[in-house]
Amino acid sequence: MEGALTLVLLCVLSAWAQIPDVKNVSVISRTKFELTFQWEVESNSYNYSLMIHGKEELEIIPSETDSSVNITVQSLSPGTNYSFTLYTVFKNETSKGFNFTDVTVPSDVDSVLVITQKETEIKLQWNQVNNSNDYSYKLKYRNNETSIPALPNDYTVEYTVLFLNPGTEYFFTLYTVFKNVISSGYNFSNVTMPSNVNENVNAKLNDTDIILQWNVVPNIDNNNYNYILENRDGPVNCTDYTAERNEVTCHISDLIPGTNYSFTLYTEFADLRSTGFNFYQITTLSDITGVTVNRSQTDLTILWYKLYNNDIYNYTLERHGEKSETNFTGSTEDDKFTFTYSSLTPGNEYSFSLFTVVNNVRSTGYSFKSVTTLNCASFDWSVTNSSIVAAVIGSTYVTAQNSTGSGKNDTVVGNRVNLQDLYPGESYTVSLFYDLESEKLPQCSHHLTLFPNSVPNLRCKYHSGGYGLVVIWDPPYGVVNMVQIDVRKQSFNQSHSSENPQKVEVEGLQAAQWYKVTATSFSGAMRSHTVSVNCQTDPAGVIAGVLVFFLLIIIICVAVFVWHRYGSAKRNKMPKPAVESKVHNENYKNLLIPSDKFPEYFQNMSRDDNRGFSEEYEDLSSVGIKQSTVAALMPENKDKNRFTNVLAYDSSRVHLTTNDESDSDYINANYMPGYGNASRQYIAAQGPLPSTVNDFWKMVWEKRSQVIVMVTNCTEGGRVKCEQYWPMDYTPCLYGQLLVTVKSEDKFPSWTLREFNVKNKTTSETRTVRHFQFIAWPDHGVPTGTEELIQFRGLIRQQVESSFSAGPTIVHCSAGVGRTGTLIALDVLLQQLDKEKAVGISAFVQQMRLSRPLMVQTESQYVFLHQCIMDTLQPKVVPKSDPLYENSDMIYVNAIALREYEKQS
Ligand SMILES: *[C@@H]1O[C@H](CO)[C@@H](O)[C@H](O)[C@H]1NC(C)=O
Ligand SMILES: *[C@@H]1O[C@H](CO)[C@@H](O)[C@H](O)[C@H]1NC(C)=O
Ligand SMILES: *[C@@H]1O[C@H](CO)[C@@H](O)[C@H](O)[C@H]1NC(C)=O
Ligand SMILES: *[C@@H]1O[C@H](CO)[C@@H](O)[C@H](O)[C@H]1NC(C)=O
Ligand SMILES: *[C@@H]1O[C@H](CO)[C@@H](O)[C@H](O)[C@H]1NC(C)=O
Ligand SMILES: *[C@@H]1O[C@H](CO)[C@@H](O)[C@H](O)[C@H]1NC(C)=O
Ligand SMILES: CC(=O)N[C@H]1CO[C@H](CO)[C@@H](O)[C@@H]1O
Ligand SMILES: CC(=O)N[C@H]1CO[C@H](CO)[C@@H](O)[C@@H]1O
């Protein structure tokens with residue numbers, strides 16, 4: 001029994017063991033829900049049975065022709081590992097079973113969150129598929145692929161994608177991976193944050209506008225980014241925005257001047273902004289660039305226009321030296337502002353600053369100055385026939401112009417107007433100016449008429465058979481509208497004409513009578529000094545009637561005269577003055593000697609050991625001597641005189657300008673009359689002392705002298721006669737404020753000619769001064785001959801006449817009276833001789849002595865003067881050409897002058 005059972009069992013076992021399993025099962029398709037397997041069929045009689053997880057059973061009966069079996073298992077779960085057993089079935093017997101496993105395709109993630117977007121990274125987050133951490137993941141984007149392992153015990157996965165490009169859009173695919181089986185993939189895209197502009201933003205700005213300019217942010221896809229500008233108050237709209245090539249500009253307007261603006265500039269891509277680039281710009285605050293000032297004597301009105309015609313600016317006006325300021329609000333209807341400062345001092349300079357103000361911020365300020373005007377009539381103008389002088393304030397420059405616009409200009413030094421050498425009788429408009437920052441501001445104007453010159457050479461002729469006179473005069477130099485002639489009670493107004501000489505016929509007089517004839521010249525309301533002459537009407541008609549009586553008188557007179565001349569001790573007959581018989585001057589010394597009578601007159605005067613000259617010279621000794629010399633004797637001036645007996649008369653002395661009260665205006669020098677009516681044609685001066693050299697140059701400068709005549713040597717006979725007041729060599733020397741340079745020096749046997757350059761250090765004005773030094777004249781004596789001195793005088797005259805606007809010619813020797821007087825007299829008398837064919841020597845010496853004592857100091861000099869006239873009238877033979885002058889270019893002009901002069905004489 002027991003053996004039979006065992007046999008049966010063995011049989012069963014052996015029969016079961018005979019059915020083979022499939023050798024291999026391959027997966028030919030796999031999805032999330034299905035798996036399709038394939039295997040080879042070994043025998044058409046086999047069927048198959050597939051068990052899933054040992055439970056479900058699938059019966060598979062292959063068709064008879066198939067060599068392989070395809071079977072799709074459906075309704076599976078995605079991403080699941082399945083175990084299968086495949087049995088081969090034959091009749092009622094089954095093989096042992098072939099075990100295999102396979103997985104379905106896993107699901108994709110439901111969604112991916114983008115948590116952060118940075119310039120180079122994006123942080124992603126998703127939930128684990130099926131809440132399972134059996135899966136891993138794979139992320140693909142732009143040729144890159146990364147595996148992301150599943151995180152155990154965490155339902156969500158976070159992953160940061162690194163090394164991205166800024167401002168770029170990325171397309172991602174996220175795969176779920178389960179046992180090397182990959183899901184179909186979840187697609188999504190997102191962008192990285194763009195970069196900020198990477199360089200400074202350039203800005204051009206003014207008060208109200210800022211123009212910003214920056215380069216576009218580069219990126220690999222050449223995306224067009226937006227740029228967004230914000231300030232504290234939010235987005236800023238560009239009035240004008242352009243993006244060209246690589247450059248963006250943004251023009252912002254309507255800003256507030258002087259304000260600090262903070263900006264943030266964002267780059268924007270796909271609604272995502274960069275972090276923002278911060279910067280700030282401060283708008284400028286401009287100044288007013290110009291104001292107009294209307295000036296009067298006490299008011300200054302300041303006017304300016306709204307800056308840029310913009311209402312935003314407020315203004316503050318400040319007067320320097322005053323505490324209070326004046327504020328102006330910009331939002332007025334008018335486009336200009338005015339403000340008047342009143343109650344100011346006339347002629348005073350004031351300084352101001354005008355600020356623009358916005359929100360309490362002040363500009364640097366526009367500074368300007370102005371000056372109040374003057375009332376010219378308030379000054380005390382003193383007028384002569386050639387000068388206008390006044391003490392003024394608040395002016396630095398003065399002009400005097402006649403109706404044709406010509407006249408003089410001068411700077412006002414030390415508040416003193418001093419216009420000299422004006423045209424006598426002329427009407428001038430005198431205007432004062434103030435130099436303010438290179439501008440000459442007119443201060444005031446005033447009309448002044450100079451005194452006309454008085455009538456020269458008033459004389460008479462017989463007329464109307466003794467019952468009248470012709471009054472004759474030379475036209476005065478200068479403007480004269482009218483000359484009024486008065487004879488007895490008759491008055492004649494002769495208006496100006498070009499006639500020369502001028503005359504007026506007077507009738508209704510008595511014959512053989514003396515009449516006082518006076519002449520006054522007028523220019524407008526200004527009248528000259530009245531000159532007078534005594535004229536006699538023709539006595540011829542009356543003579544017959546009273547012949548006996550006159551004869552008697554004449555006989556008596558002759559008798560008395562003869563008795564007087566011969567009866568007195570050895571006196572010779574006085575020369576009978578060769579005077580025009582019809583004219584009789586008031587003073588016998590004023591007699592004019594016509595040139596044709598001069599030799600005879602000279603003979604008479606020289607007779608008997610120059611007796612005539614001696615007497616005439618003696619008579620001159622008292623002329624002028626009682627005049628005051630107060631200034632010369634003041635303690636501070638005493639030492640300025642070389643000799644105690646040669647002092648400058650107060651009436652005619654030269655005044656220097658003074659800087660302060662301790663200064664003295666004294667110099668030992670006097671104005672000297674010249675030929676005709678010029679009262680200040682010369683200055684006779686003493687030779688400078690060491691202490692007065694600077695004064696001397698000051699005089700040269702202030703009186704505008706361009707010719708200095710020196711009739712002495714610096715030392716004579718071992719004694720100092722005059723300080724050498726010019727530089728020893730060509731090195732410039734400074735005398736006070738005046739820098740003197742010797743430009744040339746030419747020595748001749750009897751004289752030396754020099755040219756100086758004189759520069760005023762204060763004003764930098766430079767003038768040329770010529771120096772004529774005569775070296776062959778002993779002190780108190782006379783030169784050996786007249787010829788050289790006459791030649792020398794010719795050179796001077798030529799120079800003086802060629803320099804028009806120059807001041808007086810300065811003549812000096814040692815004391816400034818003897819040789820100086822002789823030279824001046826010679827110059828004037830030779831002019832008179834030339835013009836009038838007559839000379840009045842004693843008259844002129846007398847006139848000089850009224851201005852300075854001892855002019856023509858010795859009798860020998862007085863006689864020498866006459867000798868000079870004599871020799872001029874009867875010149876000795878002078879060699880026609882003097883080779884001395886031919887060599888030197890420097891004095892070429894003088895050489896010509898000399899020859900001209902020789903020809904004339
Ligand atoms: C089994 O599948 C393969 C490949 O899909 C196919 O070529 C073949 O014809 C299929 N056989 C049967 C019997 O379905
Ligand atoms: C892909 O990304 C990884 C890091 O995520 C990086 O190291 C690698 O350089 C990238 N490769 C490419 C081709 O971009
Ligand atoms: C990127 O992700 C953010 C955050 O989830 C989202 O708001 C944005 O729309 C995404 N951008 C794009 C281009 O998909
Ligand atoms: C400031 O600049 C802008 C642009 O250049 C210009 O239009 C404007 O007139 C300027 N404003 C002033 C006050 O100069
Ligand atoms: C900028 O322009 C927009 C649209 O024109 C406007 O609504 C906004 O108020 C403007 N912003 C500023 C600050 O002017
Ligand atoms: C100008 O001045 C007025 C008055 O003081 C003031 O109200 C205004 O704010 C000022 N304007 C500016 C831009 O400062
Ligand atoms: C041939 C053969 O043995 N067939 C039997 C298979 O098993 C079933 C029941 O399990 C029987 O009914 C058959 O007769
Ligand atoms: C040959 C083999 O290993 N067979 C096994 C297949 O799977 C079942 C159940 O899972 C096992 O019982 C078998 O031993």
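Order of listing sets the numbers, starting from 1, for every ligand and every atom in it.
- By the 4.0 Å N-to-carboxylate-O rule, Arg362 lies close enough to Glu325 to be salt-bridged with it.
- Near Val358, meaning under 4.0 Å from any of its heavy atoms, are these atoms of ligand 6: 13 (C), 14 (O).
- A cation-pi arrangement is present between Arg142 and Tyr170, with the terminal nitrogen or guanidinium carbon under 6.0 Å from the aromatic centre and inside a 45° cone about the axis.
- Ligand-side atoms of ligand 6 in range of Asn359: 12 (C), 13 (C), 14 (O), range being under 4.0 angstrom from any heavy atom.
- Nearest to atom 13 (C) of ligand 3 among the protein's heavy atoms is Asn190 CA, 4.2 Å.
- If you check the side chains of Asp287 and Ser363, you find a donor sitting under 3.5 Å from an acceptor.
- Under 4.0 Å is where a charged nitrogen must lie from a carboxylate oxygen, and between Arg30 and Asp102 at least one such pair does.
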Exercise. After noting the C-alpha distance and the side-chain angles of Asn133 and Tyr155, does the key distance pass the side chain to side chain donor-acceptor pair (under 3.5 Å) rule?
Worked result: CA-CA 7 Å; Asn133 47 27; Tyr155 291 117; over 6 Å; no

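- Within the 4.0 angstrom cut-off, atom 14 (O) of ligand 8 has no protein heavy-atom neighbours.
- Here Glu145 pairs with Lys138 in a salt bridge; the nearest charged N to carboxylate O distance falls below 4.0 Å.
- In this structure, atom 7 (O) of ligand 3 is not in close contact with the protein, since no protein heavy atom lies within 4.0 Å of it.
- Every residue two or more places apart in sequence or in another chain that forms a ring pair (Phe, Tyr, Trp, His ring centres under 6.0 Å) with Phe37 is listed here: Phe84, Phe100.
- Using a 4.0 angstrom heavy-atom cutoff, Ser189 counts as in contact with ligand 3.
- Look at Asp435 and Lys440 and you find a salt bridge, because one of the NZ, NE, NH1 or NH2 atoms lies within 4.0 Å of a carboxylate O, short of that distance.
- For atom 7 (O) of ligand 8, a protein heavy-atom neighbour is found at a distance under 4.0 Å.
- Among all protein heavy atoms, the one lying closest to atom 1 (C) of ligand 8 is Gly97 O, 4.4 Å.
- Shown in contact with Val114 at under 4.0 Å from a heavy atom are these atoms of ligand 3, numbered in order with element: 2 (O), 4 (C), 5 (O).
- The contact set between ligand 8 and Asn99, taken as ligand atoms under 4.0 Å from a residue heavy atom, comprises 2 (C), 3 (O), 4 (N), 5 (C), 6 (C), 7 (O).
- Taking atom 3 (C) of ligand 6 as the reference point, the nearest protein heavy-atom neighbour is Asn314 ND2, 3.6 Å.
- From the protein, the heavy atom lying nearest to atom 5 (O) of ligand 6 is Thr329 OG1, 4.4 Å.
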